[in-house]
Amino acid sequence: AQSVTQLGSHVSVSEGALVLLRCNYSSSVPPYLFWYVQYPNQGLQLLLKYTSAATLVKGINGFEAEFKKSETSFHLTKPSAHMSDAAEYFCAVSKLYRDDKIIFGKGTRLHILP
Amino acid sequence: EAGVTQFPSHSVIEKGQTVTLRCDPISGHDNLYWYRRVMGKEIKFLLHFVKESKQDESGMPNNRFLAERTGGTYSTLKVQPAELEDSGVYFCASSQLSGGNEQYFGPGTRLTVT
């Protein structure tokens, strides 16, 4: 079985500050791990994906995430927040090397304070 | 290249009526997935097509939901008869076979059952 827990349904950071969105996963098999973002009135967009090739994964818009197997974590970070980063972010898991359903966390809404 | 498209973007129907949602995947994507997000909850998997065949329909909530993918191109999801608890946003996603499970999402259809 697979599951994802995102800590914090809402996170607020000041513009220019570090963004840290936390995600812990559970998986009985090697996983793919994803971060998706949903901007207002849009669909989900893939930010980045862990495929077992490298533990530090760089994505679009300056985001990156680090896979830590010992902590079963896949936290999303960005060094300096922009107003345009305000959105809802979803951590997700699926089975490695399989075309399979994706299991999503409940989402974290990121607010950027001016 | 066109992304995943969904129609309609919004639908408001009364309890007991029928609604049909449509999804057009990215051209050449043999995998097609349906997901749903009920308000306040996480995005949940409904079913997965590979071409015209149902690969996994374990997430379909009950027999009021019928999904088809004739000819392996676009897909429809029919809800008949609709109930209040069917309200939510229905997302469609598509991916290439053995493409690292990178699923591309459409903008969703917001269904409101009154």
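In the text below, chain A, chain B and the rest are named by the order of the sequence lines, each starting its count at 1.
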Residue [X] versus chain B: region with a heavy atom under 4.5 Å:
{"X": "Ile102(A)", "answer": "both"}
{"X": "Lys49(A)", "answer": "side chain"}
{"X": "Tyr32(A)", "answer": "side chain"}
{"X": "Gln38(A)", "answer": "side chain"}

**Request:** With a 4.5 Å cut-off on heavy-atom pairs, point out which of Gln96(B), Arg110(B), Arg37(B), Gln6(B) contacts chain A the most.
**Result:** Arg37(B)

**Message:** Please determine whether a side-chain nitrogen of the Lys or Arg among Glu52(B) and Arg69(B) lies less than 4.0 Å from a carboxylate oxygen of the Asp or Glu.
**Reply:**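 Salt bridge flag = no for Arg69(B) with Glu52(B).
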
**Message:** So, applying side-chain hydrogen bond (donor to acceptor under 3.5 Å, both in side chains) with Asn31(B), which one of Glu102(B), Gln103(B), His48(B) is it?
**Reply:** His48(B)

**Prompt:** Who wins among Leu96(A), Ile103(A), Leu44(A) for the most heavy-atom pairs under 4.5 Å with chain B?
**Reply:**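 If we count pairs closer than 4.5 Å to chain B, Leu44(A) comes out on top.
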
**Request:** Give, as side chain, backbone, both or neither, the part of Leu97(B) having an atom under 4.5 angstrom from any heavy atom of chain A.
**Result:** both

**Item:** Interchain contact, Ser9(B) with chain A, by part (heavy-atom threshold 4.5 Å)
**Value:** neither

**Item:** Non-hydrogen atoms of Pro8(B) and Thr20(B) that approach each other most closely
**Value:** CD-O, 4.2 Å

**Asked** If you look at every heavy atom in Leu77(B) and Ala67(B), which pair is closest and at what distance?
**Response** CD1-CB, 3.9 Å

**Prompt:** Between Phe104(A) and Tyr35(B), how do the two ring planes meet: parallel, tilted or perpendicular, split at 30° and 60°?
**Reply:** perpendicular

**Item:** Reference residue Tyr89(A); test ring-ring contact (aromatic ring centres under 6.0 Å, His included); the match among Tyr36(A), Phe63(A), Tyr39(A)
**Value:**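 Single ring-ring contact (aromatic ring centres under 6.0 Å, His included) partner of Tyr89(A) among Tyr36(A), Phe63(A), Tyr39(A): Phe63(A).
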
